[in-house]
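From a predicted model like this one, the values you see are computed outputs, not experimental measurements.
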Amino acid sequence: MPSRARQIRSAIHRLCLALTLAGSPVLAQNGDKPAAPTPAIAIGADLASQAGTTRLTLTLSRAVEARGFVMERPDRAVIDLPEVNFQLDSGAGRRRDGLVQSFRYGLFAPGRSRVVIDLAAPATIGRIETVTRARDGAVLLTIPLQRVDRDAFRKAAAASDPAPAQARSAAPEPADQRPLIMVDAGHGGTDPGAIAVGGVFEKDIVFGYAQALVEKLEASGRYRVRMTRDRDVFVPLADRVRLAREAKADLFVSIHADSISAAPQVRGATIYTNAEKATDVESARLAERENKADAAAGADSAEAPPDIADILQELTLRETRGFSSGFARTLMGQLAPVMEMSAKPHREARFMVLRSPDVPSVLVELGYLSSKRDLEMLQSPEWRAGVTGSMAKAIDLFFGNRATLKPSTNPRRSAAVAPVLP
């Protein structure tokens with residue numbers, strides 16, 4: 001009971017703060033124009049079921065517009081909102097009730113948030129209602145889910161048009177010839193990735209490692225560095241590939257942390273490169289899970305095409321895979337002294353995020369959130385500094401030991417890169 005009382009007091013405190021912020025005008029720095037409104041704050045989420053209907057009710061600091069639609073394979077209900085600051089209890093989305101198996105929430109795109117509800121049975125979204133609670137001014141946003149048969153659900157899903165926002169990319173600086181490194185923090189926003197027993201999200205852990213790696217690379221002055229996401233936002237898998245290709249990146253490094261709840265004794269890091277045929281069954285299963293990230297976020301998956309039109313591009317793809325494997329071996333050599341490696345530290349599988357035909361790409365699984373020891377180390381700032389330092393050293397070696405790093409057979413990417421180490 002004391003813990004429940006603390007939760008209630010905490011929720012009341014958050015609500016009071018949220019209502020104060022919502023009612024205060026926000027002024028721009030020049031003092032004469034109002035700035036963008038503060039995002040609404042969500043401090044509670046409740047589920048209730050009755051007679052074939054399940055209601056998800058969000059407690060908000062102010063009213064927001066909500067739009068809902070459903071998606072099939074897997075069955076999901078998706079609620080799009082303007083940006084919302086979610087301050088829910090860590091276990092809020094793991095509750096099961098009626099038609100709701102679980103739900104996720106978070107930033108989906110700049111200025112937009114999303115709630116993705118995994119359905120236990122086919123259901124459509126009824127009329128979304130907003131009511132202001134008289135006693136404290138909180139706003140209750142209620143999303144009713146109504147059970148339907150498979151045929152009706154399929155028709156509702158076909159009629160939906162989620163129109164996901166496209167990730168934005170910046171044009172590269174044409175005069176800067178330093179190698180461009182694209183760092184990809186896996187998952188994000190409405191896609192939490194793997195979830196540890198204590199409620200720790202993969203998306204949060206890997207984002208910390210991505211930021212630390214970027215800081216080290218930028219501090220060296222040897223590289224231009226970009227991130228596929230620079231905050232907790234969802235970016236579709238195909239867009240991550242597109243961002244790297246449009247920026248003409250010289251290397252793509254995707255950072256993840258896996259979880260195998262059925263085998264908590266398994267631990268260690270693994271480096272993956274792309275291949276049509278996986279090294280083993282375990283790698284194939286991991287790639288299949290990772291390739292479903294778009295579905296987890298409530299978006300349609302779009303396969304990143306290999307873009308192979310002739311023999312010249314086929315040679316480019318082969319050369320790119322050779323560079324990818326070469327960097328994977330270099331990275332493995334630098335990581336092995338500072339961290340536990342898995343039994344097979346370099347593996348191959350068909351990861352969508354690695355399917356760029358002209359950007360050398362690797363996916364690094366830092367460890368297993370299902371391993372107590374790995375989780376402790378992944379959360380250690382000192383260990384993160386050592387690991388990202390070794391990753392930066394591997395990048396230095398990769399670019400410092402070669403006169404030409406981009407696939408030379410593709411006219412679009414034939415520029416030579418001179419060694420950058422002193």
Side-chain angles (χ1 to χ4, degrees), residues 177-184 213 217 222-224 228 237 240-256 269-280 283-284 286-287 290-291 303-336 341-342 344-365 390-421:
Q177 296 302 310
R178 293 176 299 166
L180 192 152
I181 316 299
M182 184 70 75
V183 179
D184 174 50
L213 176 59
L217 294 174
R222 298 174 180 135
Y223 311 101
R224 293 171 293 148
T228 55
L237 296 175
R240 296 172 192 250
V241 176
R242 180 181 61 79
L243 287 168
R245 297 195 69 201
E246 288 184 355
K248 298 184 180 179
D250 297 282
L251 183 66
F252 178 91
V253 180
S254 187
I255 303 175
H256 291 252
T270 306
I271 302 163
Y272 290 91
T273 50
N274 186 61
E276 293 303 311
K277 185 177 181 181
T279 305
D280 48 57
S283 298
L286 174 62
E290 294 291 356
N291 291 345
E303 175 71 31
D307 196 23
I308 303 302
D310 53 34
I311 187 63
L312 191 63
Q313 291 183 338
E314 174 65 27
L315 292 173
T316 300
L317 177 60
R318 291 182 185 180
E319 192 174 11
T320 299
R321 288 180 175 174
F323 283 131
S324 300
S325 295
F327 176 67
R329 290 190 295 269
T330 301
L331 182 58
M332 186 170 58
Q334 292 301 308
L335 290 179
M341 304 298 290
S342 65
K344 295 179 182 178
H346 178 201
R347 307 187 193 194
E348 296 180 330
R350 194 173 184 270
F351 289 91
M352 281 183 63
V353 79
L354 300 181
R355 288 184 61 76
S356 173
D358 50 4
V359 180
S361 306
V362 300
L363 185 148
V364 184
E365 290 282 356
S390 293
M391 294 175 73
K393 178 63 175 177
I395 292 172
D396 283 345
L397 291 173
F398 180 66
F399 284 94
N401 292 339
R402 302 172 187 272
T404 301
L405 291 169
K406 297 179 180 179
S408 59
T409 52
N410 189 333
R412 185 176 70 85
R413 301 181 53 82
S414 60
V417 179
V420 293
L421 288 182

Between I271 and L363, does a side chain to side chain contact (heavy atoms under 4.5 Å, CB included) hold up when you go through it step by step?
CA-CA 6 Å; I271 302 163; L363 185 148; over 6 Å; no
Which heavy atom of [X] sits nearest to which heavy atom of [Y], and what is that distance?
{"X": "L237", "Y": "E290", "value": "CD1-O, 3.6 Å"}
{"X": "F351", "Y": "A287", "value": "CE2-CA, 3.5 Å"}
{"X": "Y272", "Y": "E365", "value": "CE1-CG, 3.7 Å"}

Rounded to the nearest 0.5 Å, how far does [atom2] of [Y] lie from [atom1] of [X]?
{"X": "K344", "Y": "T270", "atom1": "NZ", "atom2": "OG1", "value": "10.5 Å"}
{"X": "R321", "Y": "L354", "atom1": "CZ", "atom2": "CG", "value": "10.5 Å"}
{"X": "L217", "Y": "M391", "atom1": "CG", "atom2": "CE", "value": "9.0 Å"}
{"X": "D250", "Y": "F398", "atom1": "CG", "atom2": "CZ", "value": "9.0 Å"}
{"X": "S283", "Y": "H346", "atom1": "OG", "atom2": "NE2", "value": "10.0 Å"}
{"X": "M182", "Y": "L251", "atom1": "CE", "atom2": "CG", "value": "11.0 Å"}

Side chain to side chain contact (heavy atoms under 4.5 Å, CB included) between V359 and T320, worked out:
CA-CA 6 Å; V359 180; T320 299; 5.6 Å; no
Decide, yes or no, whether a salt bridge links E276 with R355 under the criterion of side-chain N to carboxylate O below 4.0 Å.
yes
Check whether any side-chain heavy atom of [X] sits under 4.5 Å from a side-chain heavy atom of [Y], and report yes or no.
{"X": "N274", "Y": "E348", "result": "no"}
{"X": "V364", "Y": "H256", "result": "no"}
{"X": "P179", "Y": "F399", "result": "yes"}

Determine whether the side chains of S361 and S324 contain a donor N or O and an acceptor N or O closer than 3.5 Å.
no
Go through it in stages, so that I can follow the logic: the residues are I181 and I395, the test is side chain to side chain contact (heavy atoms under 4.5 Å, CB included), and I'd like the CA-CA distance, side-chain angles, deciding distance and then a yes or no.
CA-CA 9 Å; I181 316 299; I395 292 172; 4.2 Å; yes
Answer yes or no: is there a donor N or O on one side and an acceptor on the other, between the side chain of [X] and the main chain of [Y], under 3.5 Å?
{"X": "S342", "Y": "A269", "value": "yes"}
{"X": "D184", "Y": "V253", "value": "no"}
{"X": "R224", "Y": "R178", "value": "yes"}

Where do D396 and R222 land on the side chain to side chain contact (heavy atoms under 4.5 Å, CB included) test, with the steps shown first?
CA-CA 9 Å; D396 283 345; R222 298 174 180 135; 2.9 Å; yes
